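One structure below.
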Amino acid sequence: MIIVDGHEDMAWNALTFDRDYKRSALETRAIEKTTSIPAWNGDTMLGWPEWVQGGVAVVFTTLFSTPLRWKKDPWDVRCYADASEAYSLYRSDLAYYHRLVEEHAEKFHLILDKLELGITESAWRKAEDEERSVGMVLLMEGADGVRSPGELQEWFDGGVRILGPARAATRYAGGTGEPGPLTDLGRELLNAMADVGMILDIAHLADDGAVEALDLFQGSILVSHTSPLALVPSADKPERHITDNVIRLTADREGVIGLLLGNRFLKDGWKPSQDRNDVTLAEVATGIDYICQMLGDATHVGIGSDFDGGFGLDKVPQGLDSVSDLRLIGESLDARGYNQEAIEGFLGGNWLRFLQRALPEN
Ligand SMILES: [Zn+2]
């Protein structure tokens, strides 16, 4: 079975905490034990050996920086004051991925088109573990690094295939913690994205921006990492979650929704002071099942773990000890009566089918 994860912040971790994802998550945890990194971002969930053991062949990996007004602490070094600083930070994320695939092609490669996606799939179906190279689809989270819509082609040529206009608010749209609609520049950006063939990620758009984008955007749409608002109605940032309306509209546009695997996205009222084990794979199954029941089909939901995206091992469900455990979600879905075909769809097939349609030919 091929597993696909719709959201992991590799570059941000590598460039903020010097995390080396070529080594195993367990090794990184041991190395970081005497540092402050676990206090800032938790114990890592990610490492090349774990992707391989878990059969995680394809990952949407992000370029991501934060506006200075959201800087948390001195360790939070990837912050920008204006569009030109954002551009530099996002370019350095891109350079990180290019360096990684140039120096370690045996472990990581970029997926830029349908052809490379197909090659990755067939290689993982037959290769030995030590021969597996993780395929990365580059996702730009927050569009402030794009100085103007006219610059999008440059990012596409650099390998970026998915763009989320907002994280916090950007010049293009309201976002998490700062909800609001698309701006005029944001509407211009959506037109430019459709022209170059960039996929739209509406994960951090607030409800009004998401609804407008679903109507306006001419290209392919996904939600890389989110959870249904109906399951976490007391969330302190409701705009971070996805309404029933947006779930339906996304499916109408043939989009796929990645379920985020942080505990507070899965169980209403869960607090970081609580035991991680208070949330289990049963809640993960509930999140997937909620979307399927509403839509009446099993083809529009996948995984968007957001592992290492501001939280670590202590904030994910019992049973998920690293990214290699994603396949265990299948067991809790089996217990809900889902058949093997549907389970393979949730764990990877739905994302693969989406990418086979949305990526450029070659
Ligand atoms: Zn995010």
Side-chain angles (χ1 to χ4, degrees), residues 4-17 19 40-42 44-46 59-67 69-72 76 78-80 86 89-90 93 96-97 136-146 160-170 172-180 186 198-207 209-210 213 221-229 232 235-243 246 250 255-266 272 287 301-312 315-316 323 351:
V4 180
D5 190 351
H7 200 97
E8 294 176 5
D9 294 322
M10 283 175 68
W12 180 74
N13 278 273
L15 300 176
T16 302
F17 307 117
R19 275 184 170 163
W40 299 328
N41 198 33
T44 186
M45 298 293 288
L46 307 175
V59 179
F60 302 180
T61 54
T62 67
L63 295 74
F64 163 62
S65 301
T66 312
R69 63 186 181 277
W70 286 93
K71 186 180 172 87
K72 287 178 183 157
D76 195 8
R78 312 280 301 162
C79 301
Y80 58 86
L89 286 170
Y90 279 89
D93 286 340
Y96 160 80
Y97 289 114
M136 304 185 294
V137 184
L138 299 185
L139 188 170
M140 189 171 183
E141 182 172 24
D144 272 337
V146 180
V160 177
R161 290 293 176 268
I162 309 169
L163 175 62
R167 200 254 182 181
T170 61
Y172 299 102
T176 301
E178 298 168 327
M198 193 80 85
I199 298 163
L200 171 65
D201 180 6
I202 59 169
H204 279 279
L205 293 181
D207 199 54
I221 301 179
L222 57 77
V223 198
S224 68
H225 61 316
T226 189
S227 74
L229 181 59
V232 285
D236 55 348
K237 294 190 179 103
E239 72 278 5
R240 179 65 190 86
H241 303 273
I242 192 171
T243 60
V246 168
T250 301
V256 171
I257 298 161
L259 185 69
L260 200 152
L261 300 179
N263 282 351
R264 67 188 176 81
F265 282 76
L266 298 168
V301 57
I303 300 295
S305 75
D306 205 15
F307 284 160
D308 289 11
F311 61 95
K315 295 185 177 65
V316 306
V323 74
W351 279 132

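A quick note: this is a predicted structure, and the numbers were derived from the prediction, not measured. Throughout, numbering of the chain's residues begins at 1 and tracks the sequence. Numbering of ligands and ligand atoms starts at 1, following listing order.
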Reported OG1-to-CZ distance for the pair Thr44 and Phe17, which is rounded to 0.5 angstrom: 10.5 Å
Qualifying residue, where the test is side chain to side chain contact (heavy atoms under 4.5 Å, CB included) with Ile242 and the options are Ile257, Leu260, Leu259: Ile257
Within 6.0 Å of CZ in Arg264, more than 12 heavy atoms from elsewhere: no
Could you grab the protein N, O or S atoms closer than 2.8 Å to the Zn ion (ligand 1) for me? Glu141 OE2, His204 NE2, His225 NE2
Side chain to side chain contact (heavy atoms under 4.5 Å, CB included) with Ile221: which residues, sequence neighbours excluded? Leu200, Ile202, Leu214, Phe217, Arg253
Quick one: sort the His225 and His7 rings into parallel, tilted or perpendicular, breaks at 30° and 60°. parallel
Do Glu178 and Trp70 have side-chain atoms, one donor and one acceptor, less than 3.5 Å apart? yes
